Amino acid sequence: MAQAETIAVIDFETSGMSPASGGRATEIAAVLVREGEIVGEYQSLMNAGVWVPPFIEQLTGISNAMLAKAPPAAVVMAEVDAFTRGCPLIAHNASFDRGFWQYELAQAGCMPDPAHEFACTVLLARRLYPEAPSCKLGALARHHQLPDMGRAHRALADAKTTAHLLLRMQADLLDRYRAELLGLPASHALLARLQRTAKTQLKRAVSEHVKQARQAQQLRLAQF
DNA sequence: TGCCAGGCCCTCTTTAGGGCCTT
């Protein structure tokens, strides 16, 4: 029997919009999701030696004084890298978090993990929930009446909210495409595929994903 | 508050432009 997949949902708080513009991470959280449940969480402030502008301080509640007492960014990234090792990743607007993830891991001297592929809940929400008023995390949480995880714009609260959104998406996919999935889970590979699929082609993409997954499974059995 | 950057989507498009989403 295949081992259940564990997906890591990550969220960064940062001092700016991108590493290229001088932004650095100030906090990270990772939430592990397996078989429809949250099974683990990691959260830490991190000191990257960066100054947080007042606007960001007000937005996140993370002050320069808090960062002065936080552990070094390299230590935190090594810990979260170990915590998520072997897990594919999910983030809300993954292009943002991917940039900081890759930059901060490189700064920390961590070896890239090939399992750390990203899927994005914004791209998925635009396809799965076109009726939602917005694809901002808070708007989607209200739209789906997800549990309140505390102050928004803190890494653990946002990562937990994104994790609950992921669970909702997986449940909706299983419900919506039950006939096509034939008992297969709404895996990270399926999510990554659907986030690039036109809204009108989702059903066909699910069927193609299942067909390829079955073929790969038969190939592995034949090799065994 | 709005801009900043980057990646992505949508359309009045594709030799482009505007909007969304993240801090």
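Side-chain atoms are counted along with the backbone in the values below, which use heavy atoms only and exclude waters and symmetry mates. This structure is a prediction, so every number in the text was calculated from the model and none was measured. Below, read A as the first sequence line, B as the second, and so on, with proteins coming before strands; counting in each chain starts at 1.
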Chemist: Kindly say if A/R98 contacts the phosphate of B/dT22, meaning a side-chain N or O under 4.0 Å from OP1 or OP2.
Modeler: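 For B/dT22, neither OP1 nor OP2 has a side-chain N or O of A/R98 closer than 4.0 Å.
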Chemist: I need the CG-C1' distance between A/D97 and B/dG6, as an integer number of Å.
Modeler: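 Value for this atom pair: 13 Å.
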Chemist: By the 4.0 Å heavy-atom rule, please label A/S18 as base, sugar-phosphate, or nothing.
Modeler: sugar-phosphate
Chemist: What is the separation between atom CG on A/L124 and atom P on B/dC20, rounded to the nearest whole Å?
Modeler: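 Distance, rounded to whole Å: 20 Å.
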Chemist: Over how many whole Å does the gap from A/F12 atom CZ to B/dC21 atom C1' extend?
Modeler: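 For the pair A/F12 CZ and B/dC21 C1', the rounded distance is 17 Å.
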Chemist: When you compare B/dC9 with B/dT14, how far apart are their C1' atoms, in angstrom units rounded to a whole number?
Modeler: 14 Å
Chemist: Have a look at A/F55 and say if it touches a base, only the backbone sugar-phosphate, or nothing, with a 4.0 Å heavy-atom cut-off.
Modeler: base
Chemist: Quick one: sort the A/W101 and A/H116 rings into parallel, tilted or perpendicular, breaks at 30° and 60°.
Modeler: perpendicular
Chemist: May I have the distance from A/F118 (atom CZ) to B/dG6 (atom C1'), rounded to whole angstrom?
Modeler: 14 Å
Chemist: For A/R196, answer base if it contacts any base atom (sugar-phosphate contacts may also be present), sugar-phosphate if it contacts only those atoms, and nothing otherwise; contact means non-hydrogen atoms under 4.0 Å.
Modeler: sugar-phosphate
Chemist: Counting just side-chain N and O atoms, does A/S134 come under 4.0 Å of either OP1 or OP2 of B/dC21?
Modeler: yes
Chemist: Measuring to OP1 and OP2 of B/dC9, would you say a side-chain N or O of A/R127 lies under 4.0 angstrom away?
Modeler: yes
Chemist: Taking atom C1' in both B/dG19 and B/dC12, what distance in whole Å separates the two?
Modeler: 14 Å
Chemist: Mark yes when over 12 heavy atoms from residues, nucleotides or ligands other than A/R34 sit less than 6.0 Å from its CZ; otherwise mark no.
Modeler: no
Chemist: Would you please test A/E180 and A/R204 for salt bridge (Lys or Arg N to Asp or Glu O under 4.0 Å) and show each step?
Modeler: CA-CA 9 Å; A/E180 288 76 18; A/R204 177 187 293 181; over 6 Å; no
Chemist: Measure CZ/A/R24 against C1'/B/dT23 and give the value in whole Å, please.
Modeler: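 To the nearest whole Å, that distance equals 15 Å.
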Chemist: If each of A/I56 and A/S21 is mapped to the nucleotide of DNA chain B with the nearest heavy atom, which maps nearer the 5' terminus, i.e. the 5' end?
Modeler: A/S21
Chemist: Salt bridge between A/E13 and A/R154, side-chain N to carboxylate O under 4.0 Å?
Modeler: no
Chemist: What's the shortest heavy-atom distance between A/V76 and A/S44, and which atoms?
Modeler: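 For A/V76 versus A/S44, the nearest heavy atoms are CG2-OG, 3.5 Å.
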Chemist: What integer number of Å spans the P atoms of B/dC3 and B/dG18?
Modeler: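 About 14 Å, rounded to a whole number of Å.
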Chemist: Reckon A/Q58 touches a base, only the sugar-phosphate, or nothing at all at heavy-atom distances under 4.0 Å?
Modeler: nothing
Chemist: Students often get this wrong, so: under 4.0 angstrom with heavy atoms, is A/S15 touching a base, only sugar-phosphate, or nothing?
Modeler: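 Nothing: the residue A/S15, judged by heavy atoms under 4.0 Å, touches no strand.
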Chemist: Ignoring backbone atoms, establish whether A/K199 has a side-chain N or O less than 4.0 Å from OP1 or OP2 of B/dC10.
Modeler: yes
Chemist: How long is the line joining NZ of A/K136 and C1' of B/dG19, in whole Å?
Modeler: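 Answer to the nearest Å: 12 Å.
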Chemist: Roughly, in whole Å, what's the span from CG in A/L140 to C1' in B/dT22?
Modeler: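 It works out to 13 Å between those atoms.
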Chemist: Whole angstroms only, please: what is the CG-P distance between A/L128 and B/dC9?
Modeler: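 Rounded to the whole Å, the gap is 14 Å.
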Chemist: When you measure from the side chain of A/H92, which nucleotide among B/dC21, B/dC8, B/dG6 comes out closest?
Modeler: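 Of B/dC21, B/dC8, B/dG6, B/dC21 is nearest to the side chain of A/H92.
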Chemist: Anything under 30° is parallel, anything over 60° is perpendicular, the rest tilted; go ahead and classify A/F83 against A/Y42.
Modeler: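 A/F83 vs A/Y42 ring planes: tilted.
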Chemist: Using atom C1' of each nucleotide, how far apart are B/dT1 and B/dT13 to the nearest Å?
Modeler: 32 Å
